[in-house]
Amino acid sequence: MTNSKKFALVTGAGRRFGLALAHALLDEGYQVLAHYNTSKDGIHELEQRGAIGLQANLAHLNDVHQLIHAVQQHCSKLHLLVNNASCFFDNQRVNESDANLTAVLNVHTAAPYLLINQLQQQLANAKGNVINISDIYVDSPSTDYIAYCAAKAGLASLTQAFAKKLAPAVRVNAIQPGPILFLPEHDSQHRQKVLAETPLNLEGGLEPMIAAVRFLRDNPFITGESIKVDGGRALTI
């Protein structure tokens with residue numbers, strides 16, 4: 001175990017925002033603990049830069065406990081925990097099996113609960129930060145993603161509760177992203193519709209999210225807050 005660097009754990013670091021954030025943290029000199037489930041390609045990139053890849057299926061709580069143990073073996077001080085991993089299942093996918101429902105609830109609520117709760121000593125040792133990646137639909141849930149929105153609402157509640165419980169040693173905040181980066185399956189019609197409903201009328205990209213992480217991490221007088229990074233989309237849903 002080494003404590004010469006600042007340590008950051010990013011869940012869902014194998015792709016999209018998690019991957020970009022992990023690279024940004026490596027650029028800042030962090031020792032990144034890069035969690036992934038199946039998205040290994042991005043993890044290879046990160047490992048080549050010195051990150052430590054940690055595999056776990058957060059839908060399975062036994063895996064979550066193993067991930068926690070691995071983090072504890074790597075560091076006694078955890079400076080930043082970003083709960084970013086996501087399981088974006090719509091109603092149809094959730095209704096296919098109880099396992100899919102369990103996955104949505106565990107990935108977004110149970111796993112972050114266990115990570116924050118069981119790593120609180122490592123976080124406190126570093127006067128660390130937790131940043132939960134929530135969703136703008138927490139405040140106005142989509143009828144097409146009922147379980148997903150409920151699970152993200154649970155994460156929003158965890159943010160406030162842990163902010164109260166862990167203060168002053170640890171600060172806990174959240175980011176609610178909007179249309180920052182479309183998925184490959186989003187066709188042109190869908191993209192145009194979403195952008196038309198977004199006041200700033202653009203796809204945000206990943207840098208505004210990374211900037212929001214830095215803001216919450218670096219401002220010492222913010223805890224229990226949730227920041228929307230959505231181009232104003234929450235105003236229209």
Side-chain angles (χ1 to χ4, degrees), residues 8-28 30 32 34-46 49 51 53 58-59 80-90 93 103-104 107-108 111-112 130-142 144-145 147-149 151-153 155-156 159 173-217 226-237:
L9 170 61
V10 180
T11 67
R15 58 195 292 269
R16 293 171 61 83
F17 171 63
L19 177 59
L21 177 62
H23 276 297
L25 292 172
L26 286 167
D27 290 342
E28 295 182 20
Y30 279 84
V32 174
H35 159 265
Y36 68 100
N37 180 17
T38 58
S39 300
K40 183 64 175 174
D41 290 345
I43 298 299
H44 284 310
E45 296 175 22
L46 297 172
R49 298 192 58 198
L58 301 187
L80 181 63
L81 165 59
V82 181
N83 284 306
N84 165 71
S86 186
C87 183
F88 191 58
F89 291 173
D90 62 13
R93 184 77 181 273
V104 169
V107 169
H108 299 120
V130 177
I131 299 176
N132 296 320
I133 307 305
S134 182
D135 197 290
I136 57 173
Y137 284 100
V138 162
D139 301 314
S140 181
S142 166
D144 294 326
Y145 291 84
Y148 168 84
C149 293
K152 286 290 193 181
L155 182 59
T159 299
N173 293 289
I175 299 172
Q176 293 177 284
I180 58 170
L181 188 65
F182 288 114
L183 294 167
E185 58 264 31
H186 289 151
D187 60 25
S188 176
Q189 182 179 1
H190 173 83
R191 296 180 187 212
Q192 290 174 8
K193 179 179 184 296
V194 169
L195 293 180
E197 295 170 349
T198 302
L200 294 186
N201 197 32
L202 53 82
E203 182 182 10
L206 298 178
E207 186 54 42
M209 288 286 293
I210 294 171
V213 168
R214 291 181 175 131
F215 170 74
L216 291 172
R217 177 196 65 188
S226 184
I227 296 178
K228 292 179 174 64
V229 181
D230 68 343
R233 179 87 194 286
L235 300 171
T236 67
I237 59 175

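On a predicted model such as this, the values are computed, not experimentally measured, just so you know. In what follows, every heavy atom counts, from backbone to side chain, and hydrogens, waters and symmetry copies are set aside.
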J.: Measuring from atom CD1 of Ile210 to atom CG of Leu21, what distance do you get when rounded to the nearest 0.5 angstrom?
T.: 6.0 Å
J.: Answer yes when Glu45 and Arg49 have at least one side-chain N-carboxylate O distance shorter than 4.0 Å, and no when they do not.
T.: no
J.: Please name the pair of heavy atoms, one in Pro179 and one in Val194, separated by the smallest distance, quoted to 0.1 Å.
T.: CB-CG1, 3.7 Å
J.: Identify the two heavy atoms, one from Ala22 and one from Val32, that lie closest to each other, and give their separation to 0.1 Å.
T.: O-CG2, 3.8 Å
J.: Might you point out which heavy atoms bring Ser142 and Cys149 nearest each other, and give the distance in Å?
T.: N-SG, 3.4 Å
J.: Between atom CG of Leu9 and atom CG of Leu80, what is the distance when rounded to the nearest 0.5 Å?
T.: 8.5 Å
J.: Is any side-chain heavy atom of Val107 closer than 4.5 Å to a side-chain heavy atom of Phe89?
T.: no
J.: Once ring-ring contact (aromatic ring centres under 6.0 Å, His included) is applied, do any residues pair with Phe215, and if so which ones, sequence neighbours excluded?
T.: none
J.: Asn37 versus Leu58: any side-chain heavy-atom pair under 4.5 Å?
T.: no
J.: Would you find more than 12 non-hydrogen atoms of other residues, nucleotides or ligands less than 6.0 Å from Lys193 atom NZ?
T.: no
J.: Tell me whether Gln189 at atom CD has more than 12 heavy atoms from other residues, nucleotides or ligands lying less than 6.0 Å away.
T.: no
J.: What verdict does the side chain to side chain contact (heavy atoms under 4.5 Å, CB included) test give for Arg217 and Leu25, after you've listed the backbone C-alpha separation in whole Å, the side-chain angles of each residue and the deciding distance to 0.1 Å?
T.: CA-CA 12 Å; Arg217 177 196 65 188; Leu25 292 172; 4.0 Å; yes
J.: Please assess Tyr137 against Arg233 for the test side chain to side chain contact (heavy atoms under 4.5 Å, CB included), listing each intermediate value before the final yes or no.
T.: CA-CA 10 Å; Tyr137 284 100; Arg233 179 87 194 286; 3.6 Å; yes
J.: Minimum heavy-atom separation for Val130 and Asn132, please, with both atom names.
T.: CG1-OD1, 3.6 Å
J.: I need the minimum non-hydrogen distance between Leu235 and Pro199, along with the two atoms involved.
T.: CD1-CG, 4.3 Å
J.: Taking Asp90 for its side chain and Asp144 for its backbone only, find out whether a donor-acceptor pair lies under 3.5 Å.
T.: no
J.: Take Leu26 and Leu46, measure what side chain to side chain contact (heavy atoms under 4.5 Å, CB included) needs, and give me the verdict at the end.
T.: CA-CA 8 Å; Leu26 286 167; Leu46 297 172; 3.8 Å; yes
J.: If you measure only the distance, is there a donor-acceptor pair under 3.5 Å linking the side chains of Tyr148 and Asp135?
T.: yes
J.: Would Gln176 and Ser226 count as having a side-chain donor-acceptor pair, cut-off 3.5 Å?
T.: yes
J.: So, taking the atom named CG in Asn83 and the one named CD1 in Ile175, what distance separates them when rounded to the nearest 0.5 Å?
T.: 11.5 Å
J.: Is the backbone of Ala156 close enough, under 3.5 Å, to the side chain of Ser134 for a donor and an acceptor to pair up by distance?
T.: no
J.: For Val10, does its backbone N or O pair with a side-chain atom of His35 as donor and acceptor, under 3.5 Å?
T.: no
J.: Can you name the closest pair of heavy atoms from Leu195 and Glu203 and give their distance?
T.: CD2-N, 3.5 Å
J.: Measure the spacing between OG1 of Thr236 and CD of Glu197 and express it to the nearest 0.5 Å.
T.: 5.5 Å
J.: I'd like to know if the side chain of Ser140 and the backbone of Ile136 have a donor-acceptor N/O pair within less than 3.5 Å.
T.: no
J.: Starting from the C-alpha separation in whole Å, work towards a yes-or-no answer on side chain to side chain contact (heavy atoms under 4.5 Å, CB included) for Asp230 and Thr198.
T.: CA-CA 8 Å; Asp230 68 343; Thr198 302; over 6 Å; no
J.: Is Asn173 close to Ile227 at the side-chain level, that is, under 4.5 Å between some pair of heavy atoms?
T.: no
J.: Working to the nearest 0.5 angstrom, can you tell me the gap between Ile133 CD1 and Asn84 CG?
T.: 5.5 Å
J.: For the backbone of Leu181 and the side chain of Arg16, can you confirm whether one donor and one acceptor N or O come within less than 3.5 Å of each other?
T.: yes
